[in-house]
> 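Structure in structure tokens, see below.
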Amino acid sequence: MTTGSHVGYESWLERDRLILLDFAPDVVGIASQPFWLHWREAEEKRRHAPDYFVRLADGRARVVDVRAEDDVDERTAEAFAATERACSAVGWEFVHVGVPDAVVMANLRWLARYRHGRCGRETDVAERRRGIQAASGATGRSRRDGERPACPARTVPPALGGNPSR
């Protein structure tokens with residue numbers, strides 16, 4: 001899990017990108033709408049707040065704007081270009097991302113529910129499994145060795161393949 005805390009989003013598309021960023025192994029930090037960029041274009045004052053600032057494990061910084069390609073009009077493209085120039089000036093990466101693959105997102109949205117602390121940290125799950133093994137008399141060896149299963153099927157939630165009839 002990247003931050004373990006809430007990060008804001010303003011659309012379902014931004015939410016999906018946030019899920020992708022949270023699952024990315026090289027992402028260690030995410031901030032929503034991290035700054036306002038102000039500039040002049042001809043006589044007009046312009047401003048833009050990028051969607052995300054991402055810190056990568058190797059220390060690099062990436063600014064991310066999320067917008068479906070169909071929704072990028074001329075004005076939006078100009079804002080993205082200004083953001084890219086500003087990011088380049090300070091040594092940051094800039095990316096504009098669109099709509100992610102629907103199948104990938106369906107799977108990640110399902111998996112994301114199990115990243116919540118209520119589903120158990122790895123150390124808690126390992127401790128609970130040892131407790132179940134001790135209470136059941138199991139040694140953790142396979143059934144081929146004549147032992148009962150180390151983790152009875154009823155302890156696995158049905159949504160994860162457990163058999164609720166046992």
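These numbers come from a predicted model, not from an experiment. Position 1 is the first residue of the sequence, and the numbers go up from there.
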> What closest approach, in Å, do Pro34 and Ala31 show between heavy atoms, and which atom pair accounts for it?
CD-O, 4.1 Å
> Not counting sequence neighbours, which residues clear salt bridge (Lys or Arg N to Asp or Glu O under 4.0 Å) with Glu44? List them please.
Arg75
> Tell me, please, which residues at least two apart from Arg62 pass salt bridge (Lys or Arg N to Asp or Glu O under 4.0 Å).
Glu93
> Are the side chain of Arg85 and the backbone of Ala89 linked by a donor-acceptor contact shorter than 3.5 Å?
no
> Please identify each residue that fulfils side chain to side chain donor-acceptor pair (under 3.5 Å) with Asp73, with sequence neighbours left out.
Thr76
> Under 4.5 Å between any side-chain heavy atoms of Met105 and Ile19, yes or no?
yes
> Could you pull out all residues at least two apart from Ala49 that satisfy side chain to side chain contact (heavy atoms under 4.5 Å, CB included)?
Trp36
> Which salt bridge (charged side-chain N to carboxylate O under 4.0 Å, His left out) pairs, counting each pair once, include a residue from residues 23-32, with sequence neighbours left out?
none
> Ser88: what forms a side chain to side chain donor-acceptor pair (under 3.5 Å) with it, not counting sequence neighbours?
none
> For the hydrophobic clusters of this structure (ILVMFWY residues joined by side-chain heavy atoms under 4.5 Å, transitively), does one cluster hold both Trp110 and Leu108?
yes
> Please name all residues satisfying salt bridge (Lys or Arg N to Asp or Glu O under 4.0 Å) with Asp16, sequence neighbours left out, ordered by chain then number.
Arg109
> By the definition side chain to side chain contact (heavy atoms under 4.5 Å, CB included), identify the one residue from Val99, Leu13, Leu18 that meets it with Val66.
Leu13
> Clusters formed by hydrophobic residues whose side-chain heavy atoms approach within less than 4.5 Å: which one holds Val72, and what are its other members?
Phe35, Leu37, Trp39, Phe53, Val63, Phe80, Val90, Trp92, Phe94
> Only counting residues at least two apart or in another chain, list the ones meeting salt bridge (Lys or Arg N to Asp or Glu O under 4.0 Å) with Glu41.
Arg46
> Listed by chain and number, what are the side chain to side chain donor-acceptor pair (under 3.5 Å) partners of Asp58, not counting sequence neighbours?
Arg60
> Do Val27 and Ile30 come within less than 4.5 Å of each other through their side chains, counting heavy atoms only?
yes
> Under the side chain to side chain contact (heavy atoms under 4.5 Å, CB included) test, which residues partner Asp71, sequence neighbours left out?
Arg67, Ala68
> Side-chain heavy atoms nearer than 4.5 Å, only ILVMFWY residues, links allowed to pass through others: does that put Trp12 and Val7 together?
yes
> Are side-chain heavy atoms of Tyr9 and Ser32 found at a separation under 4.5 Å?
no
> Applying side chain to side chain donor-acceptor pair (under 3.5 Å), name anything that partners Asp65, two or more places apart in sequence or on another chain.
His48
> Side-chain contact, heavy-atom cut-off 4.5 Å: Pro50 with Val64?
no
> Mind checking whether Glu84 and His96 have side chains closer than 4.5 Å, heavy atoms only?
no
